2 protein chains.
Amino acid sequence: MALAHAIMTALTDDDLSGYELARDFEASLGFFWHASHQQIYQELHKLAEKSLLNKREVHQAGKPNKIVYGLTKAGRDALAEWVFETTKNQNAKDELVIKLYNLSEDNAQHLSAEIAQRRQEMMQRLYTYEKLRADYYSDPLSLPTRSKGVYLALIRGLGQGQQFLSWCDEALELIASVETGTDSGADSTG
Amino acid sequence: MALAHAIMTALTDDDLSGYELARDFEASLGFFWHASHQQIYQELHKLAEKSLLNKREVHQAGKPNKIVYGLTKAGRDALAEWVFETTKNQNAKDELVIKLYNLSEDNAQHLSAEIAQRRQEMMQRLYTYEKLRADYYSDPLSLPTRSKGVYLALIRGLGQGQQFLSWCDEALELIASVETGTDSGADSTG
DNA sequence: GCCCACATGTAACCTGTTACATGATTTA
DNA sequence: TAAATCATGTAACAGGTTACATGTGGGC
């Protein structure tokens, strides 16, 4: 039931519509939790039915109406309790690494390309995160308590990302030593 | 369908039974892919039905019979093709970090404990990985091609893990500054 | 006899993805 | 009028978890 809690977490400070949640998830919590809009809408219905969220329709000028959700007292309580529950299963799913177990002369070039692309995507993401840290979280000890938690999430993402970048570099270098045509063809040696 | 390919990857070198796969998954691929025995048995049935795996019953002395699976030619081909498919969705699910967004004086102690426990578990895991690297992968460039891929998977796990350890340290330190009773007592102001 | 490791499975349920569906409003 | 963005939804299916079920053989 962690999606429910990720949504409630996102609603702690601001009331948001399903559309806004789906969009903002990618930008903020997105590093640690991903969800499609379909999933989010359904979860919002469930949470509202359990009275953990309240909803109100908001009329907008020049845009369709939206349904904005907010945490109820019961929702806040449920979220606070959830933090004390023990987290059980670690999600370990990394297709790219499974692919690497199958590294061969045939697929080395493809895997290089895939890693290079992922590296590029991560670079862009890290740029945003790094800016955020520099702008708002430069002095962690002086932050209010909740922001300290957000800061720790932020540097978790940054650290993971940077580690990924340097791994990519090492991977690309080693895979280059495998690629056919690179060492046998010996073109442009000088 | 990535579980299927993770299983086939595990069967590349050795034929294994469902039980052995479930057990070994944790030890080797476990860092990058987790699956329960129920899931594995069902996937094995599917793969055998599609003729990507063959099976044979093995009679054991002092143990129940087991059903050992191996890759067929079609299976090897399917696996080789899969490597060239583009990986789409990144799994980003980390409950612990979502919990951190909800850091408060009330739950600081609990979160510290949870992080400390995870740190401990990771330490043990890394010990195994580090030994593996030192024993078999000390000179990556001289490894055969496929082993280079395994090596890259290994250092991916090691890097991620070490990054996690140092993040834990920083997190524990910062959360300590939050915990009630720690700062109000004003001990060792330094 | 009881517990543990070995060994394989089914069923119900929850979670997550993909495809499909609808409709308003703005900009080109 | 066509495309883009905003906005919300349903349905079918695939993936994954939890609970339940069965049976062998060794050690205490």
Side-chain angles (χ1 to χ4, degrees), chain A residues 1-7 15-27 29-30 32-50 53 55-69 85-95 98, chain B residues 1-8 15-27 29-30 32-50 53 55-69 82 85-95 98:
Chain A
M1 284 274 287
L3 172 60
H5 299 103
I7 288 175
D15 292 2
L16 296 169
S17 69
Y19 187 87
E20 290 161 342
L21 272 167
R23 190 189 52 198
D24 295 1
F25 249 53
E26 291 315 298
L29 289 176
F32 311 107
W33 208 272
H34 171 267
S36 62
H37 79 268
Q38 293 93 331
Q39 223 186 327
I40 287 172
Y41 283 122
Q42 295 214 325
E43 198 65 47
L44 286 171
H45 291 319
K46 283 190 212 165
L47 290 170
E49 206 169 319
K50 289 189 215 163
L53 299 182
K55 59 169 152 179
R56 60 179 201 281
E57 197 164 359
V58 172
H59 298 265
Q60 302 181 107
K63 286 180 195 175
N65 296 348
K66 62 181 177 181
I67 301 163
V68 169
Y69 293 84
E85 282 172 31
T86 312
T87 311
K88 51 301 118 173
N89 65 311
Q90 278 304 82
N91 267 296
K93 312 262 151 170
D94 192 336
E95 286 194 43
I98 302 297
Chain B
M1 283 275 286
L3 172 60
H5 299 103
I7 288 175
M8 288 195 275
D15 293 2
L16 296 168
S17 70
Y19 188 87
E20 289 161 342
L21 272 166
R23 189 189 52 197
D24 296 1
F25 249 53
E26 291 315 298
L29 289 176
F32 311 106
W33 208 273
H34 171 269
S36 61
H37 79 269
Q38 292 92 332
Q39 222 185 328
I40 287 171
Y41 283 122
Q42 294 215 326
E43 198 65 46
L44 286 172
H45 292 320
K46 283 189 212 165
L47 290 170
E49 207 169 320
K50 288 189 215 162
L53 300 183
K55 58 169 152 179
R56 62 179 201 278
E57 197 164 358
V58 171
H59 298 266
Q60 301 181 107
K63 287 180 194 173
N65 296 349
K66 63 180 178 181
I67 301 162
V68 170
Y69 293 83
W82 170 73
E85 284 172 31
T86 313
T87 311
K88 54 292 126 175
N89 65 311
Q90 278 305 81
N91 267 296
K93 311 260 149 171
D94 192 337
E95 286 194 42
I98 303 298

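For clarity, every value in this text was computed on a predicted model and none was experimentally measured. Letters go in sequence order (proteins before strands), and every chain restarts at 1.
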- Between CH2 of Trp82(B) and OG1 of Thr87(B), what distance do you get to the nearest 0.5 Å? 6.5 Å
- Query: Sequence neighbours excluded, which residues qualify as side-chain contact (heavy atoms from CB on, under 4.5 Å) partners of Asp24(B)?
  - Reply: Leu16(B)
- Item | Rounded interatomic separation in angstrom, taking CH2 from Trp33(A) and P from dT17(C) | 11 Å
- Considering just the side-chain nitrogens and oxygens of Gln39(B), establish if one lies under 4.0 Å of OP1 or OP2 belonging to dG15(D). no
- Message: On the nucleotide dT8(D), are OP1 or OP2 found under 4.0 Å from the side-chain N or O atoms that Tyr19(A) carries?
- Response: no
- Message: I want to check one thing: is the phosphate of dG16(D), taken as OP1 and OP2, less than 4.0 Å away from some side-chain N or O of Gln38(B)?
- Response: no
- Message: Using the side-chain contact (heavy atoms from CB on, under 4.5 Å) criterion, which residues pair with Ala92(B)? Sequence neighbours excluded.
- Response: none
- Please give, in whole Å, the distance from dT8(D) C1' to Leu16(A) CG? 16 Å
- With His34(A) via side-chain contact (heavy atoms from CB on, under 4.5 Å) - residues at least two apart: Glu26(A)
- Separation of dT18(D) atom C1' from Met1(A) atom CE, nearest Å, is 16 Å
- Query: Within the structure, does a side-chain N or O atom of Lys93(A) lie under 4.0 Å from either OP1 or OP2 of dG15(D)?
  - Reply: no
- State which of dT18(C), dG9(D), dT10(D) makes the closest approach to the side chain of Ser36(A). dT18(C)
Return all side-chain donor-acceptor pairs below 3.5 angstrom for residues 59-66 of chain A, not counting sequence neighbours, or 'none' if the list is empty.
from	atom 1	to	atom 2	distance (Å)
His59(A)	ND1	Asn65(A)	OD1	3.4
His59(A)	ND1	Asn65(A)	ND2	3.3
Gln60(A)	NE2	Pro64(A)	O	2.7
Asn65(A)	ND2	Glu57(A)	OE2	3.3
Lys66(A)	NZ	Glu20(A)	OE2	2.6

- Residue pair Arg23(B)/Ala35(A) against DNA chain C: nearer the 5' end by closest nucleotide is Arg23(B)
- Query: Can you tell which of Met8(B), Gln39(B), Lys46(B) makes a side-chain contact (heavy atoms from CB on, under 4.5 Å) with Leu3(B)?
  - Reply: Gln39(B)
- Query: For His37(B), what residues pass the ring pair (Phe, Tyr, Trp, His ring centres under 6.0 Å) criterion, not counting sequence neighbours?
  - Reply: Tyr41(B)
Nucleotide N/O of nucleotides 25-28 of chain C paired with protein N/O under 3.5 Å:
from	atom 1	to	atom 2	distance (Å)
dT25(C)	O3'	Gly62(A)	O	2.9

- Message: Looking at dA7(D), I'd like to know if its phosphate oxygens (OP1 or OP2) sit under 4.0 Å from a side-chain N or O belonging to Gln60(A).
- Response: yes
- Looking at the side chain of Lys66(A), which of dT8(C), dG15(D), dT8(D) is the nearest nucleotide? dT8(D)
- Message: Whole angstroms only, please: what is the NE2-P distance between His45(A) and dT15(C)?
- Response: 16 Å
- Query: Between atom CD1 in Ile40(B) and atom P in dA7(C), what is the gap in whole Å?
  - Reply: 14 Å
- Query: Expressed in angstrom and rounded to an integer, what is the separation of Lys50(A) atom NZ from dC14(C) atom C1'?
  - Reply: 11 Å
- Message: Rounded to whole Å, how long is the line connecting atom NE2 of His59(B) with atom C1' of dG25(D)?
- Response: 16 Å
- Mind calculating the distance between CD1 (Ile67(B)) and C1' (dT24(D)) to the nearest angstrom? 14 Å
- Query: Taking OP1 and OP2 of dT8(D), is either one under 4.0 Å from a side-chain nitrogen or oxygen of His37(A)?
  - Reply: no
- Item | Nearest-0.5 Å distance, CG of residue Leu29(A) to CG of residue Asp94(B) | 11.0 Å
- Below 4.0 Å: OP1/OP2 of dT8(C) and any side-chain N or O of Tyr41(B): yes
